[in-house]
Amino acid sequence: MFVSFTVIALGLWAYFGYKFRAMSIAQESAPKNDTKIYWKVFRLSGVFLFVYALSQMSTAPWLWIMSIQPHWYSTLFSWYTFASAFVSGMSLILLWVVYLKNQGNLTLVTTEHMHDLGKFMFAFSIFWTYLWFAQYMLIWYANIPDETIYFKLRQQGPYSIIFYSNFIINFVMPIIILMARPSKRNYFTVTFMAMIIIFGHWLDFYQMIMPGPLGANWHINWYEIGIFMGFVGILIFSVSRTLTKTSLVPNNNILLKETIIHLS
Amino acid sequence: MNDRFEIPARLKNTSLILIGLGIAALIGGITTLLMSHDDVARARFWAVLLHDSVFFTLITTVSIFVMAAASLAHGAWIVAYRRVTEAIGANVWIFATILASILFMIVFTFRDAHGHNTIFEWVTPGDDKIYAWVSRLSLTLQCLFHSL
């Protein structure tokens with residue numbers, strides 16, 4: 001079950017990631033204003049959302065993360081990890097867009113698009129907090145030992161510093177810094193906040209995984225930071241290589257005009 | 001309109017240095033954590049790899065989700081930077097491969113001195129009823145899955 005589910009879920013994600021890019025590149029050489037590929041993308045998007053809702057949004061984090069502490073359960077756990085991943089994924093996209101703009105590429109992206117990305121970062125930080133609160137409050141209020149064991153270890157035990165900094169970095173900082181309109185249209189603030197949010201949600205995943213196997217003996221030391229940097233390196237290396245292979249403007253995309261005149 | 005991106009030497013060097021640091025940390029981890037007789041150190045070795053690979057797989061998959069949601073809603077604003085989300089989404093397979101191999105190594109190879117898997121405790125249920133139940137449930141579902 002564990003093995004087959006993992007292989008199927010990851011395989012499907014990787015396939016759709018490859019397929020969306022391939023279809024978008026195929027659109028470049030399609031006849032002008034041809035909508036055939038557009039509707040194909042539309043249909044496959046529906047299929048992907050179905051797959052994604054049944055894997056990442058409901059079952060995969062149960063198997064990969066929640067099963068580290070099998071005595072404890074939370075039905076919204078996967079949704080919570082999805083919210084966490086979504087904000088950091090949005091921040092990751094924003095970091096790439098800012099970097100490419102600083103290199104003089106992506107001339108079609110204006111402050112309006114950046115503002116909308118900033119809105120996503122802001123709004124889904126609040127959404128993450130809502131789920132965090134929904135999970136925490138119900139367990140705190142019901143006070144059933146089976147369930148409170150999770151938060152006792154994290155809030156009152158050796159992880160309390162991560163528990164509280166998680167909340168401050170991922171809720172208090174975005175709501176204060178990203179609330180105002182000018183801060184979402186300022187390249188420095190959004191870049192800074194994107195890095196903070198990625199780090200904050202990295203900590204969030206850390207406090208989901210580590211208390212089970214390590215107990216009180218947790219470290220954030222050369223090993224944790226080194227492995228994290230290695231993954232960042234793989235990400236930068238692979239994504240930048242993929243970016244060079246095509247034009248950064250999706251030519252012949254039938255929504256190109258709409259995106260140029262977009263106002264946030 | 002043609003807008004090509006050439007990888008600047010600085011970005012490439014930075015990424016290679018970061019990968020180098022990651023490999024150095026991995027080698028250091030293998031020699032000092034995985035080879036040690038301390039069960040917590042060995043659990044730390046695997047748990048950190050699990051943490052980072054899950055995190056990076058999930059945040060890169062979000063790019064595919066964003067594209068799919070925008071396409072389904074006929075959203076146009078994403079098209080301006082669509083190539084970025086596509087490039088991130090097209091590299092999900094790298095992190096997915098890493099994640100799958102780490103998950104399977106933990107499940108199948110990681111045991112502490114007493115033969116327990118301290119990360120996924122349901123792999124070695126022992127006397128614990130809930131762990132045994134989780135293992136049995138997964139076996140039942142697996143049989144069901146294969147019989148279909």
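The structure displayed is predicted, hence computed values, not measured ones.
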Chemist: For A/Lys257, is it the side chain, the backbone, both, or neither that has a heavy atom closer than 4.5 Å to a heavy atom of chain B?
Modeler: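 Contact with chain B is absent: no heavy atom of A/Lys257 under 4.5 Å.
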Chemist: Between B/His51 and A/Phe228, is the gap from one ring center to the other below 6.0 Å?
Modeler: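 No; A/Phe228 has its ring centre 6.0 Å or more from that of B/His51.
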Chemist: Find out whether B/Leu103 and A/Leu63 are in side-chain contact, i.e. whether some heavy atom of one side chain is under 4.5 Å from a heavy atom of the other.
Modeler: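 They are not in contact (no side-chain heavy atoms under 4.5 Å apart), so the answer is no.
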Chemist: Can you say whether A/Tyr38 sits under 4.5 Å from chain B via the side chain, the backbone, both, or neither, judging by heavy atoms?
Modeler: side chain
Chemist: Out of B/Thr97, B/Leu33, B/Asn117, return the one with the most heavy atom pairs under 4.5 angstrom to chain A.
Modeler: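 Among B/Thr97, B/Leu33, B/Asn117, the one with the most close pairs to chain A is B/Leu33.
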Chemist: Given heavy-atom pairs under 4.5 angstrom as the criterion, report whether the side chain, backbone, both or neither of B/Ile17 touches chain A.
Modeler: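 No part of it gets close to chain A.
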Chemist: Could you go through B/Leu49 and A/Ile227, starting from their C-alpha distance and side-chain angles, then the distance that decides it, and tell me whether this counts as side-chain contact (heavy atoms from CB on, under 4.5 Å)?
Modeler: CA-CA 7 Å; B/Leu49 285 176; A/Ile227 295 291; 3.9 Å; yes
Chemist: Considering only heavy atoms from C-beta outward, does the side chain of A/Trp64 approach that of B/Ser53 to under 4.5 Å?
Modeler: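 When only atoms from C-beta onward are counted, B/Ser53 and A/Trp64 do not touch, as no gap falls below 4.5 Å.
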Chemist: Based on non-hydrogen pairs under 4.5 Å, which of B/Met67, B/Arg82, B/Glu86 is most in contact with chain A?
Modeler: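 Looking at each of B/Met67, B/Arg82, B/Glu86 in turn, B/Glu86 comes out on top.
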Chemist: What do the steps show when you test A/Trp96 against B/Thr85 for side-chain contact (heavy atoms from CB on, under 4.5 Å), and what is the final call?
Modeler: CA-CA 9 Å; A/Trp96 272 106; B/Thr85 52; over 6 Å; no
Chemist: Tell me, out of A/Val7, A/Leu108, A/Leu214, who's got the most heavy-atom pairs with chain B below 4.5 Å.
Modeler: A/Leu214
Chemist: So, do A/Leu256 and B/Val79 sit near enough that their side-chain heavy atoms are less than 4.5 Å apart?
Modeler: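 They are in contact (side-chain heavy atoms under 4.5 Å apart), so the answer is yes.
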Chemist: Could you tell me which portion of B/Phe65 (side chain, backbone, both or neither) has an atom closer than 4.5 angstrom to a non-hydrogen atom of chain A?
Modeler: both
Chemist: Please state whether the side chain, the backbone, both or neither of B/Thr32 comes within less than 4.5 Å of a heavy atom of chain A.
Modeler: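 Contact with chain A is through the side chain of B/Thr32 alone.
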Chemist: With side chains defined as the heavy atoms from C-beta onward, is the minimum distance between A/Tyr52 and B/Ile64 less than 4.5 Å?
Modeler: no
Chemist: Heavy-atom pairs under 4.5 Å with chain A: which of B/Gly89, B/Ala90, B/Ala80 has the most?
Modeler: B/Ala80
Chemist: Is the A/Phe2-B/Trp122 ring centre distance short of 6.0 angstrom?
Modeler: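 Under 6.0 Å, so yes.
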Chemist: In terms of heavy-atom proximity below 4.5 Å to chain A, should B/Val40 be classed as side chain, backbone, both, or neither?
Modeler: both
Chemist: Applying side-chain contact (heavy atoms from CB on, under 4.5 Å), run through B/Leu58 and A/Trp13 and close with a yes or a no.
Modeler: CA-CA 10 Å; B/Leu58 294 188; A/Trp13 295 353; 3.9 Å; yes
Chemist: Please look at A/Thr6 and chain B and tell me whether the side chain, the backbone, both or neither of the residue comes under 4.5 angstrom of a heavy atom of that chain.
Modeler: side chain
Chemist: Is there a side-chain contact between A/Gln103 and B/Glu6 in this structure, where contact means two heavy atoms from C-beta onward sitting under 4.5 Å apart?
Modeler: no
Chemist: Between B/Ser15 and A/Ile236, what is the shortest heavy-atom contact and its length?
Modeler: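 Where B/Ser15 meets A/Ile236 most closely, the heavy atoms are CB-CG2, 3.7 Å.
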Chemist: For the candidates B/Val92, B/Ile94, B/Thr61, which exhibits the highest count of non-hydrogen atom pairs separated by less than 4.5 Å from chain A?
Modeler: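 Max contact count across the listed options: B/Thr61.
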Chemist: Just wondering, more than 12 heavy atoms not from A/Tyr73 lying within 6.0 Å of its OH?
Modeler: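 Atom OH in A/Tyr73 is not crowded, with 12 or fewer foreign heavy atoms closer than 6.0 Å.
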Chemist: I'd like to verify something: which residue of B/Trp93, B/Trp46, B/Tyr81, B/Phe56 has the highest number of heavy-atom pairs under 4.5 Å with chain A?
Modeler: B/Phe56
Chemist: Identify which part of A/Ile93 has an atom lying under 4.5 Å from any heavy atom of chain B, answering side chain, backbone, both or neither.
Modeler: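 Both the backbone and the side chain of A/Ile93 come within 4.5 Å of chain B.
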Chemist: Report yes if some heavy atom in the side chain of A/Phe237 is under 4.5 Å from a heavy atom in the side chain of B/Leu18; otherwise report no.
Modeler: no
Chemist: A/Thr259, A/Leu255, A/Thr242: which one forms the most heavy-atom pairs within less than 4.5 Å of chain B?
Modeler: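 With the most close heavy-atom pairs to chain B, the winner is A/Thr259.
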Chemist: Which bit of B/Asp52 is near chain A, if near means a heavy-atom gap under 4.5 Å: side chain, backbone, both or neither?
Modeler: both
Chemist: Quick check on B/Phe45 against chain A: is it the side chain, the backbone, both or neither that has a heavy atom closer than 4.5 Å?
Modeler: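 Contact with chain A: backbone and side chain both.
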Chemist: Looking at A/Glu28 and B/Arg83, does any basic side-chain N land under 4.0 Å from a carboxylate oxygen?
Modeler: yes
Chemist: Taking the six-membered ring for Trp, is the centroid-to-centroid distance between B/Phe55 and A/Phe231 below 6.0 Å?
Modeler: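 They do not qualify: ring centres at least 6.0 Å apart.
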Chemist: If we only count heavy atoms from C-beta on, is the B/Lys12 to A/Ser240 side-chain gap below 4.5 Å?
Modeler: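 When only atoms from C-beta onward are counted, A/Ser240 and B/Lys12 do not touch, as no gap falls below 4.5 Å.
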Chemist: B/Asp3 and side-chain hydrogen bond (donor to acceptor under 3.5 Å, both in side chains): which partner among A/Asn105, A/Asn251, A/Thr246?
Modeler: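 That would be A/Asn105; it is the only one of A/Asn105, A/Asn251, A/Thr246 passing the side-chain hydrogen bond (donor to acceptor under 3.5 Å, both in side chains) with B/Asp3.
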Chemist: For side-chain contact (heavy atoms from CB on, under 4.5 Å), just list the numbers for B/Val62 and A/Leu92, CA-CA rounded to whole Å, side-chain angles, deciding distance to a tenth of an Å, and then say yes or no.
Modeler: CA-CA 10 Å; B/Val62 162; A/Leu92 180 70; over 6 Å; no
Chemist: Taking the six-membered ring for Trp, are A/Phe120 and B/Trp77 parallel (under 30°), tilted (30 to 60°) or perpendicular (over 60°)?
Modeler: parallel
Chemist: Relative to each other, are the rings of B/His74 and A/Phe42 parallel, tilted or perpendicular (30° and 60° limits)?
Modeler: parallel
Chemist: Which one wins on heavy-atom pair count under 4.5 Å against chain A: B/Asn91, B/Ile106, B/Val107, B/Thr118?
Modeler: B/Asn91
Chemist: Which heavy-atom pair separates B/Gly29 from A/Trp222 by the least distance, and what is that distance?
Modeler: N-CH2, 3.7 Å
